[in-house]
Amino acid sequence: MPAKDIPSLVDKEGNFKRSKVYRHSKKDFVILGEAVAEVDAQYHLFLKLVGRQPDYFEGHAVMSENFRKALQIVAERYHLPFLDFPIGNNIKFKQHTYFSPYLGGYKDGKIDENYDPENALLNLIKYSEDGTTRMYISHAGYLDYYLITHSSLTIPRVKEAQTFTSSRIKEFITDNNIHLVRYSECL
């Protein structure tokens, strides 16, 4: 969508507002109709670029009730699962799938410089004794100029990318007969 059509979602330069703007706002500034239009436009762009529907909709970084509602509206419109995202236990995803998410890289709402994603991931898997499906929320990636200048979540991204390619994690998965599951496989 052109920035002029979604002013509640963009800053003065026409860029999407950063997640910290949402976290620090005392009120929900998102206009529901604008959010629905933008989510719908992104859905159609995804179809064009990837050639298939996304596996689900969610928006954990955007702390806005209206944005959450927009995601749900568009997900229902196209018969897609919506992962409603309060951090906690037993979040319903599909009819028979509940997640207990773990959001790494943060401590007391701030970026944790001592975050060790490899050990966090191994511990999450090892101590999942109750049969609950654990969901490791990751922001793994390599940094480019835009991310360095626009995100406060930089070092944890690189650490997570390293973790997901480490031989220790691969060996642990193989040695413990762990089946990695795509969202589309959940029931």
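Heavy-atom basis, side chains included; hydrogens, waters and symmetry copies ignored. For clarity, every value in this text was computed on a predicted model and none was experimentally measured.
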Are any of the side-chain heavy atoms of [X] and [Y] separated by less than 4.5 Å?
| X | Y | result |
| --- | --- | --- |
| Q42 | V74 | no |
| L47 | Q53 | yes |
| R157 | S151 | yes |
| I31 | N66 | no |
| E118 | I169 | yes |
| F67 | D28 | no |

Exercise for the section: Verify the cluster assignment for Y78 and V39: are they in a single hydrophobic cluster under the rule of side-chain heavy atoms below 4.5 Å apart? Expected result: yes
Please report the closest heavy-atom contact between [X] and [Y], naming both atoms and the distance.
| X | Y | answer |
| --- | --- | --- |
| P7 | D5 | CD-C, 3.4 Å |
| K170 | F164 | CE-O, 4.5 Å |
| V36 | A70 | N-CB, 3.6 Å |
| A140 | E160 | N-OE1, 3.4 Å |
| R18 | T149 | NH2-O, 2.9 Å |

Handout entry: Stepwise side-chain contact (heavy atoms from CB on, under 4.5 Å) check, E76 with F82
Key = CA-CA 8 Å; E76 288 173 5; F82 171 61; over 6 Å; no
Practice task
Using atom types as modelled and distance alone, determine if a side-chain donor or acceptor of K17 lies under 3.5 Å from a backbone N or O of S8.
Solution key: yes
Handout entry: Under 3.5 Å donor-acceptor, N176 side chain and I178 backbone
Key = no
Handout entry: Residues E171, R168: salt bridge by 4.0 Å N-O rule
Key = no
Exercise for the section: Hey, can you tell me if Y43 and F57 have their rings parallel, tilted or perpendicular (30° and 60° cut-offs)? Expected result: tilted
Problem - Option from V21, V30, L9 for which side-chain contact (heavy atoms from CB on, under 4.5 Å) with S64 holds - result: V30
